[in-house]
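Step one of this worksheet: look at the structure below.
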Protein chains: 2
Amino acid sequence: MRIGVIGAGALGLYYGALLQRGGHDVHFLMRRDFQAVSSKGLEVISPQGNFHLADVRAYRNSREIGPVDLVLVGLKAYANEQLVELTRPLVAPGTTILTLQNGLGNEEVLATAFDRKQIVGGVAFLCCNRGEPGTVHHLDQGSIRIAEFFGGLSPRVEQLAATFSQTGIPCEACADLTRIRWEKLVWNIPFNGLCALTGLPTDRLLSCPETRQLITALMQEVIDAANRQGLSQAIEAPAFIERMLQVTAGMEAYRPSMMIDRQQAAPLELDAIYRIPLERAAEAGTPMTRVAMLHALLEATESSKL
Amino acid sequence: MRIGVIGAGALGLYYGALLQRGGHDVHFLMRRDFQAVSSKGLEVISPQGNFHLADVRAYRNSREIGPVDLVLVGLKAYANEQLVELTRPLVAPGTTILTLQNGLGNEEVLATAFDRKQIVGGVAFLCCNRGEPGTVHHLDQGSIRIAEFFGGLSPRVEQLAATFSQTGIPCEACADLTRIRWEKLVWNIPFNGLCALTGLPTDRLLSCPETRQLITALMQEVIDAANRQGLSQAIEAPAFIERMLQVTAGMEAYRPSMMIDRQQAAPLELDAIYRIPLERAAEAGTPMTRVAMLHALLEATESSKL
């Protein structure tokens, strides 16, 4: 499969590397890592085994990539005003555009320019950071869940899930994109924001009784809002929260992407992870009080950098 | 009047200096400023006029002070485990003990050791910081409100208020200590915690729409809880909040004491300003959701220093 990776951050580099190792023809749009990858290839450090790709097709401009079978979007959602422009040269009538970006609103941005039947959304459960240029550190997990933006379980997403799984990316095809996106938000909303705001990794937040309780309350608010979004099946709160807390405990001292973004003084994905979900929740009559407060604190500390 | 000042931080130094300038016999228990004040006196920098007290009675040990007519307590509430021990040598049967400490629970600590009829509580509306040792910077405001812990408007507090006012400390005698303490919390709870947590001074929080709205919501929670504490007269929410926001706007880029404490890696007055008010609110059936979240975030970032 001819694949184009738009947004070669940790997620794009890691999944792109696995797909290339699995025999696919992968083309990466790169900024920070272009020079390093062009000269010495891409190094993947992973508990599942390190590997090195000597010959990686890296580009500075997506026009040089041209049409592909699959666009894999890993762009930070705060850069979404460039998403259509970066993606357009890769899209032909038969192209599938898969966005694995965080939060809500990404498929909608793609749908302003492309046929919504070409768009697939997905969420990645991946602990992964970029290291020095040309190296990506896979820390834990890595599975993804994908679903048609158009809705329903299609042969296309089932085929795509099989393709991913064959290359070592556990992938599940799902019928309800809204549900998988909101399920991911149940984790992202508390941990991304709290870690970025406090500068504490996940284990420190879980070991403090006050913040552990706060995390549970935030998750409950997200689930209450999610269950008003017309999901095919409700998220069952106590069990789902317990599972999320257990998974997080297993991640040890994890620094979510938003915490890393803040430490690097990069923008934060506040619209995708907070603003748009808060709007959807408010429209459904669930105000998500604590989530709104976390968003306010992140906005205030973000604008203080100006 | 023979006066002993326990806890000669910014508040104790400033009010003690005004009382001494007004002709009272003031004795200061000091730590940080002892050496500087003993050798070169106390300098007050104030928009109402700078002044210098050359001869200041400073002590390292409150036993050297002995009994006084009035104990003025300005100790940080996080040091309350020392409060009784520090105060005891100053207390005779006729002594009035006035605590101007922040938050709730301070009078109760004094009442474990002293006759509750000797205890007066008060709140200070004072923008004041310590400068280099031997200097205190008065920035703005300075009025205080005092009331009997025992309850009711007594001749004693009216006399005390008159004495303070004569020395240039605008002072109002009030009948309802619970009300004046909770009114002060309406300001302290949002601004002390949010400034400490975000590292932003008051003006930055007010100019960000999300945090301005959050401040209003926090104040509303505190007022709702306050109005369940059996106040003699309810706090009227929209008007009181509007006044607090206006007063704060006039303070410009103010850094509340808790923000300074955090910047100096000192302990925070979390029990007096958050934990005890949250307990009282919960007992009254008003959970103060956002206040609890702010407390959790402050606790988590506090324990991270350990």
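Between Trp182(A) and Ala225(A), the shortest heavy-atom contact is CZ3-CB, 3.9 Å.
When heavy atoms are compared at a cutoff of 4.5 Å, Leu194(B) approaches chain A solely by way of its side chain, counted from C-beta outward.
Salt-bridge check for Glu302(B) with Arg262(B): passed, with a basic side-chain N closer than 4.0 Å to an acidic carboxylate O. Under the 4.0 Å criterion applied to side-chain N and carboxylate O atoms, Glu108(B) and Arg280(B) are assigned as salt-bridge partners. Between Arg181(A) and Glu107(A), at least one side-chain N (NZ, or NE/NH1/NH2) sits under 4.0 Å from a carboxylate O, which counts as a salt bridge. With salt bridges taken as basic N to acidic carboxylate O contacts below 4.0 Å, none links Glu299(B) and Arg275(B).
Listed in order of number, the residues of residues 244-256 of chain A that approach chain B to under 4.5 Å between heavy atoms amount to none.
Arg204(B) and Thr198(B) form no side-chain donor-acceptor contact under 3.5 Å, judged by distance and modelled atom types alone.
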